[in-house]
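Below is one structure, written out as structure tokens, with a few remarks after it.
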Amino acid sequence: GGGVIVNSASLSGLVPFRTEPVYAATKHAVVGLTRAMAAEVARKGITVNAVCPGYTETEIVQRAIETITAKTGRSADDARAELAAANPQGRLIQPDEVALQVLMLAQRETKPPRSTANLRTELRALLGTERWEDVLIQVRSLRPRDGLSQSFLASCRRQAHLGNLR
């Protein structure tokens, strides 16, 4: 038994974006479904997660930029900068970054336990920082609802508690 399910949601499934209420509602539904499924199948060894990227460099975002430009008269560069600023990273996400996160989640439960070095590398990439002080602060605040598996978070916290994430 066991397995991994990775759903595709959005940051707007966690934080409502007022400009796209229907889109936000559908992504909130995906997040809710993910949580309910995770609880339902956890004892069967199946993990269920959702990726929740922010604004990603896709046709949808390009159309959003065009809509903002048409409605406000602002430049496409200004509209793009506004969307990028709404992301925690302060930039538009690239589709391959989302694909990598899905791959990591899909493999997370089937791989043997991580070495501390691999965990450090994953955390740096995931949290977008090289400073270990920032990593340690952020690890304490991560939750499964942030799109991360329970075992990954447990491994991060265990390593941080043991002082191995330096």
Side-chain angles (χ1 to χ4, degrees), residues 4-39 47-109 118-153 155-157 160 165:
V4 177
I5 298 170
V6 181
N7 294 320
S8 178
S10 167
L11 185 59
S12 70
L14 302 172
V15 179
F17 291 169
R18 62 190 165 131
T19 59
E20 297 288 337
V22 174
Y23 181 79
T26 62
K27 295 307 181 175
H28 273 271
V30 172
V31 171
L33 175 66
T34 300
R35 290 175 177 159
M37 287 175 57
T47 60
V48 184
N49 291 291
V51 291
C52 299
Y55 289 106
T56 304
E57 190 78 50
T58 62
E59 290 178 20
I60 293 172
V61 167
Q62 185 56 43
R63 284 193 305 269
I65 291 168
E66 292 166 5
T67 299
I68 292 168
T69 301
K71 287 183 176 181
T72 67
R74 293 173 30 214
S75 72
D77 287 341
D78 286 346
R80 177 180 298 281
E82 178 184 335
L83 297 180
N87 281 344
Q89 301 86 347
R91 61 178 175 77
L92 293 179
I93 307 299
Q94 296 302 308
D96 61 335
E97 293 176 273
V98 178
L100 179 60
Q101 294 304 312
V102 170
L103 180 62
M104 287 173 56
L105 286 167
Q107 294 178 346
R108 185 157 289 141
E109 300 302 325
N118 288 345
L119 186 59
R120 279 187 280 220
T121 302
E122 285 185 43
L123 281 171
R124 280 183 176 150
L126 185 68
L127 299 174
T129 182
E130 291 292 321
R131 290 177 21 105
W132 281 112
E133 298 81 8
D134 295 341
V135 170
L136 291 174
I137 289 168
Q138 291 182 51
V139 163
R140 291 184 196 104
S141 66
L142 292 173
R143 301 284 179 263
R145 67 178 179 270
D146 296 328
L148 305 172
S149 74
Q150 298 260 3
S151 65
F152 180 69
L153 291 172
S155 180
C156 292
R157 289 193 186 100
L165 295 179

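Summarising the geometry, atom CG belonging to Leu14 is positioned 11.5 Å from atom NZ belonging to Lys27; distances are rounded to the nearest 0.5 Å. The distance from the OG1 atom of Thr47 to the CD1 atom of Ile5 is 8.0 Å, given to the nearest 0.5 Å. Here the CD1-CZ distance, from Ile68 to Arg63, works out to 13.0 Å after rounding to the nearest 0.5 Å. With rounding to the nearest 0.5 Å, the separation of CD in Gln62 from CG in Leu92 is 10.0 Å.
Residue pairs meeting the ring pair (Phe, Tyr, Trp, His ring centres under 6.0 Å) criterion with at least one partner in residues 55-79, sequence neighbours excluded, are Phe17-Tyr55. The salt bridge (charged side-chain N to carboxylate O under 4.0 Å, His left out) pairs that include a residue from residues 90-107 are Arg91-Glu97, where partners are two or more places apart or lie in different chains. Contacts classified as side-chain hydrogen bond (donor to acceptor under 3.5 Å, both in side chains) and involving residues 6-15 (residues at least two apart or in different chains) are given here: Asn7-Thr34, Ser10-Ser12.
Thr69 approaches Ala79 most closely through the heavy-atom pair OG1-CB, 4.2 Å.
Considering only residues two or more places apart in sequence or on other chains, Pro21 meets the side chain to side chain contact (heavy atoms under 4.5 Å, CB included) condition with none of them. Applying the salt bridge (charged side-chain N to carboxylate O under 4.0 Å, His left out) test to Glu66 and every residue at least two apart in sequence or in another chain returns nothing. Not counting sequence neighbours, the partners of Ala64 by the side chain to side chain contact (heavy atoms under 4.5 Å, CB included) test are Leu83.
Across Leu11, Val61, Thr56, a single residue satisfies side-chain contact (heavy atoms from CB on, under 4.5 Å) together with Ile93, and that is Thr56.
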